[in-house]
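Quick notes on the structure that follows.
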Amino acid sequence: MLPESDLPLRLIEERAFIDFLGPQDEPWLRVLLAEMARFEGRRRRELAERLSEPLPCEAPYFKRRAATRALLRLWRGASTGGATPPGPARPAAPRSAELRAELFAAAAASEAPTAFILDQTARQRGITPAALIEALFADLPGERPVRAPDPPPTPAEAALRTNLAIAQAVLMRASRVELRVEGGVRPIVRLAKLRGLLCTITDGDLGEPARPVLEISGPFSLFRHTLLYGRALAELLPHLAWCARFELRAACALRGRLAKVSVGSGDPIFPAAPPALFDSRLEERFAADIARLAPDWDVIREPEPVRAGATLIFPDFLLRHRIHPERRVLVEIVGFWTPQYLATKLEKLRQAELPPCVLCVDQDRACAPGDLPAGLPVVPFRRRVDAAAVLLQAERLTAGSGSKAA
Amino acid sequence: MRLVFDRGTLLLADLGDLPATLDVGQIAGVLWDPRVGGYRAPARLCYAIASELRRRGVRIAEQPCPDLTPPSEFRPLDLRPYQDAALAAWRQRGRRGLVVLPTGSGKTHIALQAIATTRTPCLCLVPTRALLAQWATALGAIWDGPIGQFGDGVRAVGPVTLATFASAYRHMASIGDKFGLLIVDEAHHFGQGSLDEALEMSIAPLRLGLTATPPAPGPAARRLTTLVGPVVFERTIGDLAGRYLAPLERITWRLTLDPDERREYDALWEVYRRARRAFEGNHLAGAWEDFLHQAARTDEGRRGIAAWRRARRILAFPRRKREALSLLLGRHRAQRTLVFVADNETAYRVAREHLVMPLTCDIGRAERQQALARFRAGALRALVSAQVLNEGLDVPDAEVGIVVAGRLGGREHVQRVGRLLRPGDGKRALIYELVVDQSSEVSQAERRWEGLASRERSAA
């Protein structure tokens, strides 16, 4: 993560504004990338030294520092093809650690001059003293050869990656975030919970479409502004790029005070890899089956979350009739279950006055003895969800609303 | 009522049967958490809260308690009188507190004895991965039980577990309820805010901190007292030199720069001074960090910072220092010598020019341990390091130290000097300082020794 001293920020009163890189920065980014390309094959330490000094063109100081760090990290991630000394191709290089052990032990055991010991050790290895010195630390991170990622980033991509690094470095200094998000909430909540964070719903504009306001924080955030969860909070950011719309607000400890920061849709941030379309092969097959069986119904994967009391429910699918859109059924594929759990869940959904819900229940994953609750919209399955049975339930549950609409 | 450990905090559950007069939110450290609709407190207050609730007549049905098998059957350990006294002082203060002793005086022994006598699952926090291995070896010498570890790619819990500060910070949310005793090596790293949660998220009521350089009185010292306990025992180099620590002799070599180096240094320093003066014109008594921040905004300031970096590079290892080092390494060929430099790059230059094994953060742990073992056995006569040797690593019997350059000031120097003080038969530790005349190094060197002397004075 970028250090605070390298962040292009403007602090105005109690707010911090991130100076994102944009098209206006591409000329100097092009020069920076060209400079990095010049050091291909040379030592990383030399490149880092070079980049600690100004570029041969005008470049905003903080943006350049941030871009340099972000790109160096990208370069370090590129495969170096092993720790070989820089320069033209040589015969197989001896392992540097072995060379060190051998050379320094020989020096400790002998009173001969340095040049003699070097010469002797090099001769035993069948290389020249210069090659020996060259290979001595060739395995260490700073001594490894510079290798550009393949393909190297364009100036535009470099700007996006730098922006992500800047925004994440800012969020690293947050203790909690407030997130207004639309579309693709589920992966965000899942990721947050996986990182041990607490997700709570605060009052927001839960109109149509639903736009829940999530507050994401860690247990310890209650006591003071802690950076304990900064990394986990920052990890959410590139995934938000896949939401239809989002606005993230946080108070971040910047330059000795707490400043409000806001990041949202449209900010030029490099996105994470796209989320998987389906959680499992089972869901993927069900989606394909029902789409084939019911051409009159739209199958919407991971619809917007619905609020039931103080919690949000994330259904797996929404079946919506194309002609009568008021005919809507939620479908949830349940993993482990007990009869009591199913009855409670359906009751909760009913009380929340949500669209009817069909629960598809894996018969092999019952966690308590007992039969499936009778008379409830539950479709049992083994290995493959019976799309026809789900469709039948959907037709039955929405028959009234369909006829009303008709 | 139940007290439940929740990711480094304590949740107070089942509040239904509380006396009507008791307001849980009034207990020190307990806050209402609207996110879960319950009361929550930092885990470190677990025993204090439980005791307070019991005092007020609340029956606690469940509370977090270390459930690992307590370690036992330790082999006896001989302690020196001052180590015994330190342990007794710690016990007397309710087994919470800091023991302040110079490097090389055997702080680890005190901790091992504390673990052996306390007999409760214990978590030892150490600053670096290199120290994990060192503690494991020391522990293995008196105990045959399984040693847990968090750090260096390992995540395993045992009745005695070792963890780096960074790993403890990351994992205390999941292991904070497993230990009754916390040992904090080099405890001066805590109290400054950045890692403190690692200590706050543990329920351990018993805590022992070890350091050679406690923080000066102020907010950090107060915070450390809250997290670990007050200073319960302190001895300085002066108290122990002679019998328990080797006597120390300091020799400073004032060196000059060659004319071309001097010209370049002066020119660079002038560029830096111009930027510095411009800054000081607007910021009276501004800190170094403020200068860096402000200077980065102007061309002149940026040139000043770049010039300061280059000037420092010249001072790090100019020709005269190279010659002096060569001379000293030759003079002390028969003695184990530690060379301290400012940065890794200089360490590698020394290694290449004088064929001295470098110990840097880049060199892998196994190779570093191998090098230290060979240094102990006499197969390596000298080691060069920028920072790895500064803190904690046990380097016995080094007799000569050569400070080519330093970066981190007084605390670094106290630690570096400590590397040489482990006692030996008739041993007299020698520390050479190579200082470039008419440069910023002169005042730096004086400040370093002033730091050491002031520690002596404050202890007296």
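- The environment of CZ in A/Arg123 is sparse: at most 12 heavy-atom neighbours from other residues, nucleotides or ligands sit within 6.0 Å.
- Looking only at distances, a side-chain donor or acceptor of B/Arg333 sits under 3.5 Å from a matching main-chain atom of A/Ala108.
- Proximity to chain A is absent for every atom of B/Arg170, based on heavy atoms less than 4.5 angstrom apart.
- Contact annotation for B/Glu367: only side-chain heavy atoms (C-beta onward) come within less than 4.5 Å of a heavy atom of chain A.
- No side-chain donor-acceptor contact under 3.5 Å links B/Arg309 and A/Ser52.
- The backbone N or O of A/Leu222 lies less than 3.5 Å from no partner atom in the side chain of B/Arg40, so there is not a single donor-acceptor pair.
- Heavy atoms of B/Ala351 lying under 4.5 Å from chain A belong to its backbone as well as its side chain.
- Considering every non-hydrogen atom in both B/Asp6 and A/Pro219, the closest pair reads O-CB, 4.2 Å.
- With rounding to the nearest 0.5 Å, the separation of CZ in B/Arg352 from CD1 in A/Ile133 is 6.5 Å.
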request  = Quick one: do A/Arg224 and B/Glu200 satisfy salt bridge (charged side-chain N to carboxylate O under 4.0 Å, His left out)? Show the steps, please.
outcome  = CA-CA 12 Å; A/Arg224 65 160 179 273; B/Glu200 296 217 59; 2.5 Å; yes
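- The ring pair (Phe, Tyr, Trp, His ring centres under 6.0 Å) analysis of residues 100-121 of chain A, with sequence neighbours excluded, yields no pairs.
- Atom OG1 in A/Thr121 sits 8.0 Å away from atom CG in B/Leu355 (nearest 0.5 Å).
- When each of B/Leu195, B/Asp33, B/Ile305 is scored by its heavy-atom pairs under 4.5 Å with chain A, the top score falls to B/Asp33.
- The most heavy-atom pairs under 4.5 Å with chain B, out of A/Ser5, A/Ala115, A/Ala97, come from A/Ala97.
- Residues A/Arg45 and B/Asn344 form no side-chain contact, since every pair of their non-hydrogen atoms from C-beta on lies 4.5 Å or further apart.
- Residues A/Leu140 and B/Tyr348 meet the side-chain proximity criterion, which asks for heavy atoms closer than 4.5 Å.
- At a 4.5 Å heavy-atom cutoff, the contact between B/Arg374 and chain A is made by side-chain atoms alone.
- Contact check for A/Leu227 versus B/Tyr169: side-chain heavy atoms found under the 4.5 Å cut-off.
- Contacts of A/Arg65 with chain B are made by side-chain atoms alone, with heavy-atom separations under 4.5 Å and no backbone atom involved.
- No more than 12 heavy atoms of other residues, nucleotides or ligands shown are found within 6.0 angstrom of CZ on B/Arg310.
- Contact tally against chain A (heavy-atom pairs below 4.5 Å) for B/Ala198, B/Ala41, B/Ala306: the top residue is B/Ala41.
- When the shell of 6.0 Å around CZ of B/Arg349 is examined, it contains more than 12 heavy atoms from other residues, nucleotides or ligands.
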key: Full working for side-chain contact (heavy atoms from CB on, under 4.5 Å) between A/Leu198 and B/Arg7   = CA-CA 11 Å; A/Leu198 293 167; B/Arg7 292 168 277 181; 3.3 Å; yes
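- Remark: B/Arg35 CZ to A/Ile216 CD1 distance equals 12.0 Å, nearest 0.5 Å.
- Within a 6.0 Å radius of CZ in A/Arg255, more than 12 heavy atoms belonging to other residues, nucleotides or ligands are found.
- Here the CG-CZ distance, from B/Asp362 to A/Phe137, works out to 10.0 Å after rounding to the nearest 0.5 Å.
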query = side-chain contact (heavy atoms from CB on, under 4.5 Å) between A/Leu103 and B/Met357: does it pass, once the steps are laid out?
reply = CA-CA 9 Å; A/Leu103 180 66; B/Met357 175 69 196; over 6 Å; no
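- Between the CE atom of B/Met172 and the CZ atom of A/Phe220 there is a distance of 11.0 Å, given to the nearest 0.5 Å.
- With respect to chain B, the highest number of heavy-atom pairs below 4.5 Å among A/Ser110, A/Ala109, A/Ala106 belongs to A/Ser110.
- Only the backbone of B/Ala379 comes within less than 4.5 Å of a heavy atom of chain A; no side-chain atom from C-beta onward does.
- In this structure, chain A has a heavy atom under 4.5 Å from the backbone of B/Glu353, while its side chain stays farther away.
- Note that CD of A/Glu49 and CZ of B/Arg313 are 5.0 Å apart. Values are rounded to the nearest 0.5 Å.
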